[in-house]
There are 2 protein chains.
Amino acid sequence: MSRPTIYDVARESGFSIKTVSRVINEAPNVRSETVARVRAAIELLQYHPDPAAQRLGGGKLPTVGVVVDSVDDPFFAQVIAVIEARAMDAGMDVLVASTGMDETRMRTQIRRLARRGVAGLVVAPFGDTRTVEEALPDDVPVVVIDRKCGVTSKDVVRVTDEQGATDAVRHLVARGHRRIGFLGKLSAFDTLVDRFNGYERALTEAGIEVDPQLVETRAWTSDEAYPYALAMLATSDAPTAVFAASPMMGLGVLRAQQRLHRQDVALVIFGDYPVAELMTPPTTVVDQRPVALADTAFDHLVRRIQDPDAEVLDTVLPTLLVPRGSGELAPRGVA
Amino acid sequence: MSRPTIYDVARESGFSIKTVSRVINEAPNVRSETVARVRAAIELLQYHPDPAAQRLGGGKLPTVGVVVDSVDDPFFAQVIAVIEARAMDAGMDVLVASTGMDETRMRTQIRRLARRGVAGLVVAPFGDTRTVEEALPDDVPVVVIDRKCGVTSKDVVRVTDEQGATDAVRHLVARGHRRIGFLGKLSAFDTLVDRFNGYERALTEAGIEVDPQLVETRAWTSDEAYPYALAMLATSDAPTAVFAASPMMGLGVLRAQQRLHRQDVALVIFGDYPVAELMTPPTTVVDQRPVALADTAFDHLVRRIQDPDAEVLDTVLPTLLVPRGSGELAPRGVA
DNA sequence: AGGCGACATGACAGCGCTGTCAACACCCCG
DNA sequence: CGGGGTGTTGACAGCGCTGTCATGTCGCCT
């Protein structure tokens with residue numbers, strides 16, 4: 001009445017449990033006829049191996065763990081969705097854990113999943129190199145996503161942050177903007193620094209000097225960004241365009257614009273967000289393409305699981321500038 | 001060098017593994033001094049029980065499974081986030097699985113998690129009563145969320161769909177609207193039918209007849225809703241207000257409005273969505289309060305895990321009308 | 001014909017826990 | 001002072017797998 005075990009399959013098929021185990025794990029050196037008979041018995045009994053037992057017996061759980069800042073951040077939600085889909089195809093389950101942007105909690109969550117015996121881990125880390133390197137386990141395959149954080153011992157999949165930012169700001173410069181604001185907390189992630197560098201590069205190559213008045217690096221959440229954005233837009237020599245280095249910064253700017261009833265400030269946000277195309281004007285973004293990122297991360301995780309000694313990869317995927325309207329606005333007062 | 005086991009703790013503390021096991025599981029009849037000594041040993045060795053072994057030994061995994069339509073739907077993403085947070089506090093992990101709105105896949109995913117030995121399951125089901133009742137396991141505690149689907153054998157946590165819809169439509173009626181459109185696929189979920197009933201009720205009590213021209217029940221995704229919304233808004237006797245029975249329908253309407261350059265159509269969407277407050281005009285919604293829902297669901301799940309024979313609960317939480325602008329627009333042409 | 005290696009299968013011992021049951025020490029009561 | 005709880009602890013047998021090692025069977029080469 002209870003779930004069938006490997007013994008039931010063994011009895012039914014007439015082979016030993018070890019042979020059944022071999023069939024399950026697609027081990028070599030089993031006669032194809034034997035495989036067929038065992039498979040038939042498995043099918044007949046509707047047998048499914050118990051992951052806990054497989055794990056205890058010596059293997060890993062058919063499970064991948066995903067550790068991200070927060071599960072309901074749209075970016076990470078998409079990442080999780082892709083990983084979940086890929087894992088399902090591979091017959092694996094997905095454990096999720098969030099760090100809430102807390103280093104201790106990040107460490108705890110990673111350790112917990114590692115202890116649990118997951119086959120692999122996808123982690124969006126943060127903190128300085130040392131913290132992150134220490135938090136990442138060496139006995140479990142890990143792929144780091146989105147942020148490198150100086151990690152060199154693990155596979156990393158991220159995007160061209162600097163180039164993406166450069167593209168965004170060049171886009172604004174091409175529309176004639178010369179006073180372009182920047183919002184983004186540099187101390188938070190290395191990615192933010194890259195994005196600032198991209199901003200700086202685009203300005204410099206256009207012969208525009210970076211105006212410290214237009215660079216706001218204190219805000220982290222959108223709530224924090226809002227007053228700064230408000231202040232920046234309200235000054236007499238306000239920027240005619242803004243580059244928001246993250247969706248959170250972008251939302252702060254949008255709130256400020258809404259508050260000031262201004263729809264004439266050009267805006268490009270690094271990172272797409274839900275319904276950006278329905279805003280007034282629709283928001284131009286630098287798409288980080290979370291789907292491609294997660295897909296690649298999963299590929300690399302599988303590779304690492306199969307060959308723990310494979311060469312360490314640092315994959316940098318291109319971003320995509322998506323013009324929707326807000327980024328194509330001409331400078332105020334110009335036709 | 002390897003992870004410490006219960007034997008290490010036993011040796012270190014001077015007790016048997018069984019006593020250590022008792023301490024871990026907070027079993028009764030253990031002297032407090034013994035507990036203290038064992039705890040000290042656990043602390044010293046940094047011991048953490050192996051979930052797989054606990055499971056095999058006879059218990060359940062310290063894990064809850066969450067099965068939803070899709071992981072990156074903002075509503076479910078929030079649900080998952082809350083469950084994850086609560087689970088973490090309870091020392092549990094969270095397995096996520098999505099159904100992709102496919103009955104077979106729903107069944108597969110639920111079975112898989114159940115087999116895995118999770119302690120409990122939170123499921124957003126769909127399909128007719130029979131399908132769902134069959135898909136839900138009886139040997140694992142389950143809490144059904146968001147949609148009842150006729151389930152009577154499990155705890156259910158949902159919201160006042162009909163009342164919420166009535167509130168929304170009354171709100172529009174109170175602003176003077178008499179031609180109010182409805183968008184929502186009734187055949188999809190029982191919740192949608194409830195929302196339509198709420199719509200009908202609010203109209204009826206205001207002495208307004210339901211105009212079939214203004215009721216669109218074919219669309220399911222926002223892509224499908226878009227052309228219908230477009231058509232509805234473009235007719236000569238177009239509605240002055242629209243009640244979108246789900247965020248997807250709402251996005252369809254918003255796209256249509258954007259396309260038609262119309263910001264004068266009053267709109268209330270059932271279900272909040274990201275940055276709704278930044279739209280032009282900001283979108284008035286009926287908040288389903290996913291956080292409260294998930295919180296309650298987790299409470300009920302814990303209750304059910306502790307007492308499998310507890311009375312079956314059907315909890316219906318109130319929704320919250322959030323006026324933000326779009327729902328307060330007067331009918332076209334009226335001051 | 002004898003022997004060796006490649007293939008195919010099985011016996012058995014864990015993996016790290018928990019459940020069952022037994023053992024033992026006390027305590028209360030008649 | 002003996003019987004029968006009650007509280008506290010431990011020995012031991014699994015749970016359902018996989019790893020190791022042994023066993024048996026051919027086919028082929030010398």
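Chain naming here is simple, since letters A, B, ... match the order of the sequence lines and numbering starts at 1 in each.
- Atoms NE2 (B:His48) and P (C:dG16) sit 15 Å apart, rounded to a whole Å.
- Here C:dG14 presents its P atom at 15 Å from NZ of A:Lys18, a figure rounded to the nearest Å.
- The listed nucleotides are D:dG16, C:dT18, D:dT9; the one nearest the side chain of B:Val30 is D:dT9.
- Under a cutoff of 6.0 Å and an axis angle of 45°, A:Arg147 and A:Phe189 form a cation-pi pair.
- Regarding contacts with the backbone of D:dT9, a side-chain N or O of B:Arg31 is found under 4.0 angstrom from either OP1 or OP2.
- To the nearest angstrom, P of D:dC17 lies 6 Å from CG of A:Asp50.
- Side-chain nitrogen and oxygen atoms of A:Tyr47 include at least one within less than 4.0 Å of the OP1 or OP2 phosphate oxygen of D:dC17.
- The phosphate of C:dT9 (OP1 or OP2) has no side-chain N or O of A:Thr19 nearer than 4.0 angstrom.
- Residue B:Thr34 places its side chain closer to D:dT9 than to any other of D:dT18, D:dT9, C:dT18.
- An OP1 or OP2 oxygen of D:dT9 is reached within less than 4.0 angstrom by no side-chain nitrogen or oxygen of B:Asn29.
- Taking the nucleotide of DNA chain D with the nearest heavy atom to each of B:Ser32 and B:Arg55, the more 5' of the two is matched to B:Ser32.
- Distance, B:Leu61 CG to C:dG16 C1': 13 Å, rounded to whole Å.
- Looking at the side chain of B:Ile6, the nearest of the listed nucleotides C:dC17, C:dT20, D:dG16 is C:dC17.
- Protein atom CD of B:Gln54 is 17 Å distant from nucleotide atom C1' of D:dG16, rounded to whole Å.
- Distance NZ (B:Lys60) to P (C:dG19): 13 Å, rounded to an integer number of Å.
- Taking atom CG on A:Leu56 and atom P on C:dT18, their separation rounds to 12 Å, with Å as the unit.
- Out of D:dG19, C:dT18, C:dC12, the shortest distance to the side chain of A:Ile17 is found at C:dC12.
- For A:Ser16 and C:dT9, the shortest distance from a side-chain N or O to OP1 or OP2 is not below 4.0 Å.
- With contacts defined as side-chain heavy-atom distances shorter than 4.5 Å, the pair A:Met88/B:Gln109 qualifies.
- A donor-acceptor contact under 3.5 angstrom links the side chains of B:Thr131 and B:Asp128, judged on distance only.
- Residue contacts shown for A:Phe15 are limited to sugar-phosphate atoms, with no base heavy atom under 4.0 Å away.
- Under a 4.0 Å N-O distance rule, the pair B:Arg112/A:Asp93 qualifies as a salt bridge.
- Residues A:Val9 and A:Ile17 fail the side-chain proximity criterion, which asks for heavy atoms closer than 4.5 Å.
- Per the geometry, CD1 belonging to B:Ile24 stands 6 Å off P belonging to C:dC17, to the nearest Å.
- No hydrogens or angles were tested; on distance alone, a donor-acceptor pair under 3.5 Å links the side chain of B:Arg22 to the base of D:dG10.
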